[in-house]
Structures are given as structure tokens and as C-alpha cells.
Amino acid sequence: MSSADLGRALCIITGASRGFGRTVALQMSRSVKPGSALVLAARSGDELRALQVELSGSEAGRAGLKTVCVVADLSQKEGLESVVKAAAEAFSEDMEHIILINNAASLGDVSRFAKDFTNMADVDSYLSFNVSSFLCLTASILQRFPQRPGLKRTVVNVSSLCALQPFSSWVLYCSGKAARHMMFRVLAQEEPDLRVLNYSPGPLDTAMQQAARSSTGDSDLKKAFSDMFSEGKLLTCEESCTKMMKLLLEDKYTSGDQIDVYDL
């Protein structure tokens, strides 16, 4: 394994069907050695399979990259188990790197303010998909692929400025990102042999950003998002992902740190 590639790797990517996750899958395919495998998980089967076809026809696909699609709801135990099972089946003993990209997330209801959330079921549902599944999937992958000589393990949390800074009417999203951020900081302390990265990709031109512009309850924040879009200040997924891949390839970051796209 060299700084020019991520080695012969098993890479698990959640939320891989669109947006940043889809871009990660495409760029990851060009950064791993032949004999690697991508396990792509999302709730949208049609979009996942379209990505699989694209990857199969790529240079990496023709060189032997294996691509596995897992249509799964990660908020459900069965969904998590199906991802871990697919990863175990895609793994081969000559692989030298396990990479988990925790990208799956939802915006939640950003039209309401903190005082409006009186229904526990609404909050529990959001946290189940965005926080509980995040920790349980990471733990399950680490247990399934324990530390051993010759095997590098990297886990990535696709984070946000919202993990560190409050945004009015975004109580669910901010809370979920803050929880994930701290979970990975703890993990980095507990597992010194593990490479742990919280990566904040910045404001991306995605469907989630479009929803934020139309649904955000705080009028000032809503205008700020709309202005960013109209002024061309949103980043493309490709721009941000390229910087994350450079981080992973150079591998010089402090494990557990949050690194923002604008820091690079």
C-alpha cells in the first residue's frame, strides 16, 4: 500500500446511491488496487444498480473491481445485518485495508424549532437512522474485521459544521451530527490502531441542500442557503470528495479529528 492508492481494499459506503456517497464510490474505485471490492448500501435499489453498472463498465471494473449492492434501511436491525453480511462475503484474505464510509444521513424536519418536538417517536425515528445505526454499523464492522497484522482499518464519518455549531430550526440535524462526531472521538481514544476521520464536506449542491433551501424554518438561515446557491458558492460533490480522498491517501491527519473541506 502506498500514498498513491488505498491498497487492495474492502470499502463499505452507506448512502451510496446519490450525492456525495455516489461520488465517493466513483472516486474510491479509482483509488484502490485491483482485487478490491466496494459494498454500496442505500435505500434506493434502482439508483444503486445504475451505479453498479457504471462501475462495472469503468476501467476499475474491467480490471476486476467487485461491486456489491445492498438495498437496506439502516434504521432497521435487518438492514445493518445485511450490510455486514455482504461485507463479509466480499472480503478476501489478501485484502489489506478495510474502509467504512458512514455517509448515510437525513436532514430531518428543519421546518420546526426545538420547542416543537414533543413527540418522542419523531425524535427516536430520526436518531435511529442517523445516530444509532451509525454507531452499530461501525461497531459491527470492527468486530467482524478485528485488528490483525497486515490489515489497516479506516472509518470515516461524513460530518458537518452542524456538529460543532448550532443552526436555528435544525435541532435534529445538529444533534445527530454532534453525537456522531463525539462517538468517533471516543472511538479514536479507545482504538489507537484504528484510523478515525470526521470529515465535513461543506455545503454541497445536492438534493439535501435543495430541501434545506425550501424547508428551513429559520428565515435568516433559509435566506443564507438561498444566497449561497444563487451566488454559486455551493461546492460540487466532486470537489469535496477529491479533498477527502487526498486526506485518506496521505493519511497524515490526527485520528479522531474533524477536518473541514475549507481547512484543506
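All residue numbers in this chain count up from 1 along the given sequence.
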So, do [X] and [Y] sit near enough that their side-chain heavy atoms are less than 4.5 Å apart?
X	Y	value
Phe167	Lys177	no
Asp205	Thr236	no
Arg153	Ile141	no
Asp251	Thr154	no
Arg49	Val71	yes
Ser140	Leu80	no
Arg213	Gln209	yes
Leu26	Arg30	yes

Full working for side chain to side chain contact (heavy atoms under 4.5 Å, CB included) between Asn130 and Leu172: CA-CA 9 Å; Asn130 289 278; Leu172 292 182; over 6 Å; no
Between atom [atom1] of [X] and atom [atom2] of [Y], what is the distance when rounded to the nearest 0.5 Å?
X	Y	atom1	atom2	answer
Leu264	Glu250	CG	CD	9.0 Å
Leu55	Met28	CG	CE	11.5 Å
Cys136	Phe134	SG	CZ	11.0 Å
Gln147	Lys152	CD	NZ	11.0 Å
Leu187	Arg180	CG	CZ	13.0 Å
Leu197	Ile99	CG	CD1	11.5 Å

[X] (side chain) donor-acceptor with [Y] (main chain) under 3.5 angstrom:
X	Y	answer
Ser230	Asp227	yes
Ser125	Ala121	no
Thr67	Leu38	no
Asn198	Gly256	yes
Asn103	Thr14	yes
Ser31	Leu6	no
Ser215	Ala212	no
Arg62	Gly57	yes
Tyr126	Ser106	yes
Gln258	Ser160	yes

Listed once per pair and sorted, the ring-ring contact (aromatic ring centres under 6.0 Å, His included) pairs that draw on residues 218-264, sequence neighbours left out: Trp170-Phe225
The single option from Glu238, Glu54, Glu47 passing salt bridge (charged side-chain N to carboxylate O under 4.0 Å, His left out) against Arg22: Glu54
Cluster question for you: counting only ILVMFWY and a side-chain heavy-atom cut-off of under 4.5 Å, with indirect links fine, are [X] and [Y] together?
X	Y	result
Leu164	Ile259	no
Val84	Leu135	yes
Leu100	Leu65	no
Ile101	Val83	no
Ile98	Val24	no

Residues forming a ring pair (Phe, Tyr, Trp, His ring centres under 6.0 Å) with Tyr199, sequence neighbours excluded: none
Considering all heavy atoms of both residues, which atom of [X] and which atom of [Y] are nearest to each other, and what is their separation?
X	Y	result
Leu40	Ala16	CB-CB, 3.9 Å
Ser159	Pro201	O-CD, 3.3 Å
Arg112	Asp122	NH2-OD2, 3.4 Å
Arg8	Pro34	NE-O, 3.3 Å
Ser200	Asp260	OG-OD2, 3.2 Å
Lys66	Ala90	NZ-CA, 4.0 Å

Salt bridge Glu89-Lys85, side-chain N to carboxylate O under 4.0 Å: yes
Has [X] got more than 12 heavy atoms of other residues, nucleotides or ligands less than 6.0 Å from its [atom1]?
X	atom1	value
Glu81	CD	yes
Arg185	CZ	no
Arg195	CZ	yes
Glu231	CD	yes

Proximity of Phe145 and Phe91 rings by center, below 6.0 Å: yes
Evaluation steps, side chain to side chain contact (heavy atoms under 4.5 Å, CB included), between Gln27 and Thr242: CA-CA 8 Å; Gln27 293 201 15; Thr242 296; 3.2 Å; yes
Val70/Ser82 under side chain to side chain contact (heavy atoms under 4.5 Å, CB included): CA gap, chis, key distance, verdict: CA-CA 7 Å; Val70 185; Ser82 65; 3.5 Å; yes
Polar contact flag, side-chain donor to acceptor under 3.5 angstrom, Asn157-Asn102: no
Under 3.5 Å side-chain donor-acceptor pair for Asp109 and Ser111: yes
Pair Leu248-Val156, side chain to side chain contact (heavy atoms under 4.5 Å, CB included): steps then yes or no: CA-CA 9 Å; Leu248 294 176; Val156 178; 4.0 Å; yes
Step-by-step side-chain hydrogen bond (donor to acceptor under 3.5 Å, both in side chains) determination, Thr216 to Asp218: CA-CA 6 Å; Thr216 295; Asp218 185 275; over 6 Å; no
Distance under 6.0 Å and angle within 45° of ring axis: Arg43 vs Phe129: yes
